[in-house]
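For reference, the structure is listed below as structure tokens.
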Amino acid sequence: VIATKMAMSHSDYVITEAGFGADLGAEKFFNIKCRKAGIAPKLTVIVVTTQALKMHGNVAIEDIKKKNIEGLKSGFANLDKHIDNMKSFGQSVVVALNRYGFDTDDEIALIKEHCVARGVAFAENESFAKGGDGAVELAEAVVDMIEKNPSTSLSFTYSDEDGIEKKIEKVAKLIYGAQAVSLSDQAKKKLKQIKDLQIESYPICI
């Protein structure tokens, strides 16, 4: 935490990778790390690929490198959930597309159009193929968003005062889209231990 705050106070921009996914990693980053460290990001970048979108659009793995507009569109539902998750934390969002050589201009234009319609910024990233020059568009999009439309407040999925069961339920339903939460007998025993230790006010790590 000290190192992070020192870096933030002496640098124009500090970038961190919150972990895998705008649910699994980001939820912990916001609800645990940011809550306890007292930090609030000005922006969140969601990284996507056409392959991932097509996979979530039910395109067969062996075909995800091929152009498939309908499969791409079907995959937008997954992207939208990640965007909604980040917005629930009060975050301004840039969607960064890691471009591959087999991606087509039509596919990329469609993703950009969808992002604009969702009210988030979009940028291509080709740093793997082109080095620093390939990341200029993304860097400029991040700087522009932070200057013009930064995240102004950080909202958490649950409050410290919520009981453990309530915290679990909120994360499961609001972040992961669960309809209900069922606790095993072993989990109930663990929850009793937590209550007996009077540490229900701690954040949860799922």
Side-chain angles (χ1 to χ4, degrees), residues 4 7-8 11-30 33-34 41-151 175-177 206:
T4 300
M8 292 177 69
S11 303
D12 292 329
Y13 299 93
V14 176
I15 301 170
T16 184
E17 182 179 3
F20 186 78
D23 43 22
L24 179 64
E27 181 272 315
K28 295 172 179 61
F29 177 75
F30 289 120
K33 183 173 182 178
C34 291
K42 295 295 184 183
L43 176 75
T44 291
V45 176
I46 297 176
V47 180
V48 303
T49 63
T50 59
Q51 298 170 82
L53 290 171
K54 291 173 192 174
M55 184 183 71
H56 287 292
N58 296 317
V59 175
I61 296 295
E62 59 269 21
D63 294 326
I64 60 174
K65 294 182 180 181
K66 301 175 183 177
K67 182 177 179 179
N68 189 325
I69 295 298
E70 292 308 311
L72 197 66
K73 288 180 179 179
S74 295
F76 286 161
N78 182 269
L79 173 60
D80 287 346
K81 177 56 178 169
H82 289 297
I83 292 173
D84 289 341
N85 282 347
M86 294 304 93
K87 287 188 174 182
S88 76
F89 290 106
Q91 288 293 291
S92 295
V93 175
V94 171
V95 172
L97 173 77
N98 280 349
R99 181 164 187 165
Y100 286 77
F102 47 77
D103 293 335
T104 68
D105 290 339
D106 288 348
E107 290 174 320
I108 293 172
L110 185 64
I111 298 170
K112 181 177 181 178
E113 179 182 329
H114 182 77
C115 289
V116 172
R118 284 301 318 272
V120 299
F122 172 86
E124 291 182 49
N125 176 39
E126 297 183 84
S127 57
F128 184 80
K130 299 180 180 180
D133 289 342
V136 171
E137 180 181 333
L138 174 57
E140 290 178 343
V142 167
V143 171
D144 185 66
M145 180 68 82
I146 290 175
E147 290 181 351
K148 297 178 180 178
N149 187 30
S151 308
I175 301 299
Y176 290 99
I206 298 178

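For this chain, numbers begin at 1 and follow the sequence in order.
- Ile175 CD1 to Phe30 CZ: the interatomic distance, rounded to the nearest 0.5 Å, is 9.5 Å.
- When the shell of 6.0 Å around NZ of Lys28 is examined, it contains more than 12 heavy atoms from other residues, nucleotides or ligands.
- The two atoms that bring Ala26 and Met86 nearest to each other are CB-CE, 3.6 Å, heavy atoms only.
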Please walk me through it: do Lys87 and Asp84 pass salt bridge (charged side-chain N to carboxylate O under 4.0 Å, His left out)?
-> CA-CA 5 Å; Lys87 287 188 174 182; Asp84 289 341; 5.9 Å; no
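- Val94 places none of its side-chain heavy atoms less than 4.5 Å from the side chain of Val120.
- No side-chain heavy atom of Tyr100 sits under 4.5 Å from any side-chain heavy atom of Thr50.
- Atom SG of residue Cys115 and atom CZ of residue Phe76 lie 7.5 Å apart, to the nearest 0.5 angstrom.
- The two residues Leu24 and Ile206 have their closest heavy-atom pair at CD1-O, 4.3 Å.
- In terms of the salt bridge (charged side-chain N to carboxylate O under 4.0 Å, His left out) criterion, Asp133 has no residue partners (sequence neighbours excluded).
- Between Pro41 and Cys34 there is a side-chain heavy-atom pair separated by less than 4.5 Å.
- What you find for Met145 and Ala121 is that their closest heavy atoms are CE-CB, 3.4 Å.
- Donor-acceptor pairing under 3.5 Å is recorded for the side chains of Ser127 and Asn125.
- Here the options are Val59, Asp63, Ile61, Ile69, the test is side-chain contact (heavy atoms from CB on, under 4.5 Å), and the partner is Lys54; only Val59 passes.
- Proximity of Ile108 to Asp106: side-chain heavy atoms (C-beta onward) are nowhere separated by under 4.5 Å.
- Residues Glu27 and Asn85 are not in side-chain contact: their nearest non-hydrogen atoms beyond the backbone lie 4.5 Å or more apart.
- The CG atom of Leu97 lies 11.5 Å from the NZ atom of Lys112; values are rounded to the nearest 0.5 Å.
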Test side chain to side chain contact (heavy atoms under 4.5 Å, CB included) on Thr16 and Phe29 and set out the steps.
-> CA-CA 10 Å; Thr16 184; Phe29 177 75; 3.7 Å; yes
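- Between Val93 and Leu43 there is no side-chain heavy-atom pair separated by less than 4.5 Å.
- The minimum heavy-atom distance between Gly57 and Ser74, with the atom names listed, is CA-CB, 3.6 Å.
- For the pair Glu107 and Lys73, the salt-bridge criterion is not met [side-chain N within less than 4.0 Å of a carboxylate O].
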Verdict with supporting geometry, Ile83 and Leu79, side chain to side chain contact (heavy atoms under 4.5 Å, CB included) = CA-CA 6 Å; Ile83 292 173; Leu79 173 60; 3.9 Å; yes
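- Taking OG1 of Thr104 as the reference point, atom NZ of Lys67 lies at 4.5 Å (rounded to 0.5 Å).
- Identified under the salt bridge (Lys or Arg N to Asp or Glu O under 4.0 Å) test for residues 89-104, with sequence neighbours left out: Arg99-Asp105, Arg99-Glu124.
- Side-chain contact check for Phe122 versus Val116: every heavy-atom pair is 4.5 Å or farther apart.
- Summarising the local packing, CZ of Phe102 is surrounded by more than 12 heavy atoms from other residues, nucleotides or ligands at distances under 6.0 Å.
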Start with the C-alpha distance between Val48 and His82, add both sets of side-chain angles, then the distance that settles side chain to side chain contact (heavy atoms under 4.5 Å, CB included), and finish with yes or no.
-> CA-CA 10 Å; Val48 303; His82 289 297; over 6 Å; no
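- Remark: Glu62 CD is packed, more than 12 non-hydrogen atoms of other residues, nucleotides or ligands lying under 6.0 Å away.
- Under the 4.5 Å side-chain criterion, counting only non-hydrogen atoms from C-beta, Asn78 is not in contact with Leu53.
- For NZ of Lys42, the number of neighbouring non-hydrogen atoms (other residues, nucleotides, ligands) closer than 6.0 Å is 12 at most.
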